[in-house]
Amino acid sequence: MTKIKICGLTNPTEIEIINQVHPDLAGFVFAGGRHQVTSKQAQQLRIQLDSQIKAVGVFVDTPIDEIIQLANDGVIQVAQLHGDQTEDDVQALQNAGIPVIRVFKPSRQSVTTTNADYVMVDSGNGSGQPLDWQSLQIQVKQPIILAGGLNPNNAQRAIDTVAPDYLDVSSGVEAAGKKSYELVNKMVTIAHSN
Ligand SMILES: O=C(O)c1ccccc1NCC(=O)[C@H](O)[C@H](O)COP(=O)(O)O
């Protein structure tokens, strides 16, 4: 089974969709942009989110102490480092008991050795643009998360081409800028049937 993370959740209606469809991970974006949530908003959404679904905090160069605080407060269970954080940052989070997703953007950087718990390849920061899946060369020991421009129309091809452990999707399951039950359900069904 391919697991799946639905990212960029911003409101209670979207959490209700997640609780019904049950992806493996749910993402709250703390970085700037249209998906950004405050710590307080994320705390409320985490309370509403099914306790079996881990919440991933998405960060771009956020101070490590702030990430640890969010984990200690139970707002997030996993940290996704989408900026220029270092392996020292990865280690500091792991020392605090927080699993880490380290993000690489293969169009502008190579996937280097990391001690993170997961390796994500993405085209940008919620860009909605797919990577060139055919040219991806990822040889890592960690589970691989494929992100960038995925949607129900291309998910099967992405799985067949890259064989990732997880898909990560945000804008591709939205209609008019909000998560759509129909699209989230289609996406999770495709992932979980592979
Ligand atoms: O989604 C954002 O607004 C965002 C902002 C800053 C850093 C990362 C961000 N998103 C990261 C994600 O995990 C997205 O799910 C991932 O990039 C895929 O997005 P999409 O291409 O829209 O499916």
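Both ligands and their constituent atoms are indexed starting at 1 by order of listing. From a predicted model like this one, the values you see are computed outputs, not experimental measurements.
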Looking only at protein heavy atoms, which one is nearest to [atom], and how far off is it?
atom	result
atom 23 (O) of ligand 1	Ser170 N, 2.9 Å
atom 16 (C) of ligand 1	Asp122 OD2, 3.2 Å
atom 1 (O) of ligand 1	His35 ND1, 3.1 Å
atom 14 (C) of ligand 1	Asp168 OD2, 3.9 Å
atom 11 (C) of ligand 1	His82 CE1, 3.5 Å
atom 12 (C) of ligand 1	Cys7 SG, 3.6 Å

Any N or O of [X] closer than 3.5 Å to N or O of ligand 1:
X	value
Gly32	no
Gln80	yes
Gly126	yes
Gly128	yes

Phe59 and Phe30 aromatic ring geometry - parallel, tilted or perpendicular at 30°/60° bounds: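 Because their plane-to-plane angle is under 30°, the rings of Phe30 and Phe59 count as parallel.
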Taking side-chain hydrogen bond (donor to acceptor under 3.5 Å, both in side chains) as the criterion, tell me which of Asn72, Asp65, Asp73 meets it with Gln69.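 Single pass found, and it is Asp73.
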Have a look at Leu81 and tell me which of Val103, Val58, Val90, Ile101 forms a side-chain contact (heavy atoms from CB on, under 4.5 Å) with it.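 Answer to the side-chain contact (heavy atoms from CB on, under 4.5 Å) test with Leu81 among Val103, Val58, Val90, Ile101: Val90.
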Rounded to the nearest 0.5 Å, what separation is found between the [atom1] atom of [X] and the [atom2] atom of [Y]?
X	Y	atom1	atom2	answer
Tyr181	Ile18	OH	CD1	11.0 Å
Thr189	Asn185	OG1	CG	4.5 Å
Leu167	Ile144	CG	CD1	12.0 Å

Given side chains that start at C-beta, do those of [X] and [Y] come closer than 4.5 Å, heavy atoms only?
X	Y	value
Lys178	Thr10	yes
Arg46	Gln77	yes
Leu131	Leu146	yes
Met120	Asp168	yes

So if I count the atoms of ligand 1 from 1 in the order they appear, which ones are less than 4.0 Å from some heavy atom of [X]?
X	result
Lys5	13 (O)
Ala31	6 (C)
Gly148	18 (C), 21 (O)
Val169	23 (O)

Side chain, backbone, both or neither: [X] near ligand 1, heavy atoms under 4.0 Å:
X	answer
Ser171	both
Arg34	neither
Asn125	both
Met120	neither

Is it the case that Asn151 and Lys186 place a side-chain donor and acceptor less than 3.5 Å from each other?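 Distance-only check fails for Asn151 and Lys186.
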Short side-chain donor-acceptor distance under 3.5 Å, Gln91 and Asn115: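 There is no such pair between these side chains.
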Can a non-hydrogen atom of Gly8 be found less than 4.0 Å from any atom of ligand 1?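 Heavy atoms of Gly8 never come under 4.0 Å of ligand 1.
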